[in-house]
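Encoded as structure tokens, the structure appears first; notes follow it.
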Amino acid sequence: MSKGLLIVLSGPSGTGKGTVCKALLNKRKDISLSVSCTTRTPRAGEIDGVSYFFKTQDEFKKLIEKDAFLEYADVFSNYYGTPKSFVDAEIGQGKDVLLEIDVQGALKVKAAYPQGVYIFLVPPSMEELENRIRSRGTETSEQIESRLGKASSEMKLMKEYDYRIVNDTVDDVVSRIEAIMAAEKLRIIRYEDETKE
Ligand code: 5GP
């Protein structure tokens, strides 16, 4: 059985990754979402174990010591990390796994797992990105400035990714991700058993 795909979707904060992931997972029940751990406080409506596994700083540090993360990063003064065991188990069983993580994390995963599929979601424009972050209303103006500053430096790392998708409409983005997945599954490198000499 061939392994599942590891699909990593990232892009600057506020690009709409969360909305795209939700729509993709709604449409494609065969894709598993990796739920990250974080030390950030839950936002209204977020559920532990669904949105994130919410951890204290101490709990998170213990998990780091146990080598429980595929990658982890300090994003806006909070830790975020991808649990290793879930991703390994799903991919091993042939299931496709989606990671929605920030750019630093994605590049760490790429170093460890180059056969993954790395997709960079870009906002239609930087003005649009600013509007989205401001209208979300969940961050202070200081946090907004920090996210915008980070967004422009993250845009420069797009060249490390395999695919670039502009987030114009959610349905179009989802269709493009599905097309990428379909093509990726046909790549010769995914059929090691059949190509061995
Ligand atoms: P938020 O606080 O808005 O949920 O997420 C802030 C940033 O952390 C987003 O860019 C999000 O993609 C990223 N993030 C979420 N989970 C992880 C993770 O497991 N690892 C890393 N490196 N970043 C993550």
Side-chain angles (χ1 to χ4, degrees), residues 1-55 59-60 63-64 68-73 75-76 78-110 112-123 132 136 138 154 161-165 167 169-185 190:
M1 181 181 58
S2 62
K3 281 186 167 182
L5 290 179
L6 177 70
I7 308 137
V8 179
L9 183 72
S10 60
S13 170
T15 314
K17 298 183 289 274
T19 312
V20 166
C21 285
K22 243 185 235 156
L24 178 65
L25 294 166
N26 247 334
K27 190 168 175 195
R28 294 284 303 265
K29 304 289 182 202
D30 55 323
I31 302 175
S32 312
L33 176 73
S34 159
V35 178
S36 297
C37 297
T38 183
T39 57
R40 123 159 128 58
T41 339
R43 295 189 187 124
E46 286 186 332
I47 300 166
D48 189 35
V50 178
S51 322
Y52 284 104
F53 292 105
F54 294 100
K55 303 282 176 197
E59 286 168 341
F60 201 101
L63 289 169
I64 296 175
F69 296 115
L70 187 58
E71 62 74 40
Y72 69 92
V75 189
F76 313 116
N78 276 306
Y79 281 125
Y80 292 81
T82 308
K84 203 187 263 182
S85 51
F86 175 82
V87 173
D88 286 348
E90 294 288 290
I91 286 178
Q93 286 166 28
K95 285 205 81 176
D96 300 329
V97 178
L98 177 66
L99 297 189
E100 185 230 314
I101 58 177
D102 85 314
V103 177
Q104 319 169 49
L107 297 185
K108 282 189 219 160
V109 176
K110 193 179 174 201
Y113 201 84
Q115 60 277 52
V117 182
Y118 296 85
I119 304 176
F120 194 85
L121 194 63
V122 294
R132 283 188 196 177
R136 194 158 68 179
T138 51
E154 285 175 339
Y161 286 73
D162 302 315
Y163 298 94
R164 164 195 179 276
I165 301 182
N167 189 8
T169 71
V170 177
D171 286 351
D172 282 352
V173 175
V174 168
S175 301
R176 280 177 249 153
I177 295 174
E178 288 185 291
I180 290 168
M181 289 174 64
E184 282 285 340
K185 282 175 191 272
R190 314 256 176 229

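Numbers here are sequence positions counted from 1. Note that these values count all heavy atoms, side chains included, but never hydrogens, waters or copies made by symmetry.
- Judged by distance alone, with hydrogens and angles left aside, the side-chain atoms of S34 form no donor-acceptor pair with the main-chain N or O of L98 at under 3.5 Å.
- Between F60 and F69, the ring center distance clears the sub-6.0 Å criterion.
- The CD1 atom of I177 sits 8.0 Å away from atom CD1 of I31, with the distance rounded to the nearest 0.5 Å.
- Residues Y163 and R176 form no side-chain contact, since every pair of their non-hydrogen atoms from C-beta on lies 4.5 Å or further apart.
- In this structure, E100 does not pair ionically with K22, as no charged nitrogen and carboxylate oxygen lie closer than 4.0 Å.
- Taking CZ of R132 as the start and OG of S13 as the end, the distance is 11.5 Å to the nearest 0.5 Å.
- Within the 4.5 Å cutoff, side-chain heavy atoms of M181 are placed close to those of I7.
- Looking only at side-chain heavy atoms (C-beta outward), I119 and V8 stay at 4.5 Å or farther from each other.
- The CG atom of D88 sits 11.0 Å away from atom CD of Q93, with the distance rounded to the nearest 0.5 Å.
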Inset, instruction - Output, in order, the C-alpha distance, side-chain angles, deciding distance and verdict of side chain to side chain contact (heavy atoms under 4.5 Å, CB included) for R190 and Q115. - result: CA-CA 9 Å; R190 314 256 176 229; Q115 60 277 52; 4.1 Å; yes
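- Taking 4.5 Å as the limit, every side-chain heavy atom of V109 sits out of range of all side-chain heavy atoms of V87.
- For the pair K108 and Y72, the cation-pi criterion (under 6.0 Å, within 45° of the ring axis) is fulfilled.
- Side-chain atoms of D162 do not come within 3.5 Å of backbone N or O of V117 as any donor-acceptor pair.
- When all heavy atoms of Y161 and V103 are compared, the pair lying nearest together is OH-CA, 3.6 Å.
- Considering all non-hydrogen atoms of both residues, G11 and K17 come closest at O-NZ, 2.7 Å.
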Legend entry - T39/N78 under side chain to side chain donor-acceptor pair (under 3.5 Å): CA gap, chis, key distance, verdict: CA-CA 6 Å; T39 57; N78 276 306; 3.2 Å; yes
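- Pairing each heavy atom of E71 with each of T82, the nearest pair is OE2-OG1, 2.5 Å.
- Side-chain contact check for Y113 versus I91: some heavy-atom pair is nearer than 4.5 Å.
- The closest side-chain heavy-atom distance from L63 to E59 is not below 4.5 Å.
- Taking 4.5 Å as the limit, some side-chain heavy atom of P83 sits within range of a side-chain heavy atom of C37.
- A 4.5 Å side-chain heavy-atom check between L5 and V97 finds every atom pair outside the cut-off.
- For the pairing with T15, the side-chain contact (heavy atoms from CB on, under 4.5 Å) check across V20, L9, I165, L121 returns one residue only, L121.
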Inset, instruction - Could you walk me through whether R40 and Y52 pass side chain to side chain contact (heavy atoms under 4.5 Å, CB included), step by step? - result: CA-CA 9 Å; R40 123 159 128 58; Y52 284 104; 3.2 Å; yes
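- The structure places CG of L107 at 9.5 Å from CD of E154, a figure rounded to the nearest 0.5 Å.
- Between I101 and S36, the closest heavy-atom pair is CG2-OG, 4.4 Å.
- E90 and S32 make their closest contact through OE1-OG, 2.6 Å (heavy atoms, listed as atom of the first residue, atom of the second, distance).
- By the 4.0 Å N-to-carboxylate-O rule, K27 lies close enough to E178 to be salt-bridged with it.
- The shortest heavy-atom contact between D30 and K95 is O-CE, 3.5 Å.
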Inset, instruction - Determine, step by step, whether F54 and T38 satisfy the side chain to side chain contact (heavy atoms under 4.5 Å, CB included) criterion, reporting the C-alpha distance in whole Å, the side-chain angles of both residues, the deciding distance to 0.1 Å, and the verdict. - result: CA-CA 5 Å; F54 294 100; T38 183; 3.7 Å; yes
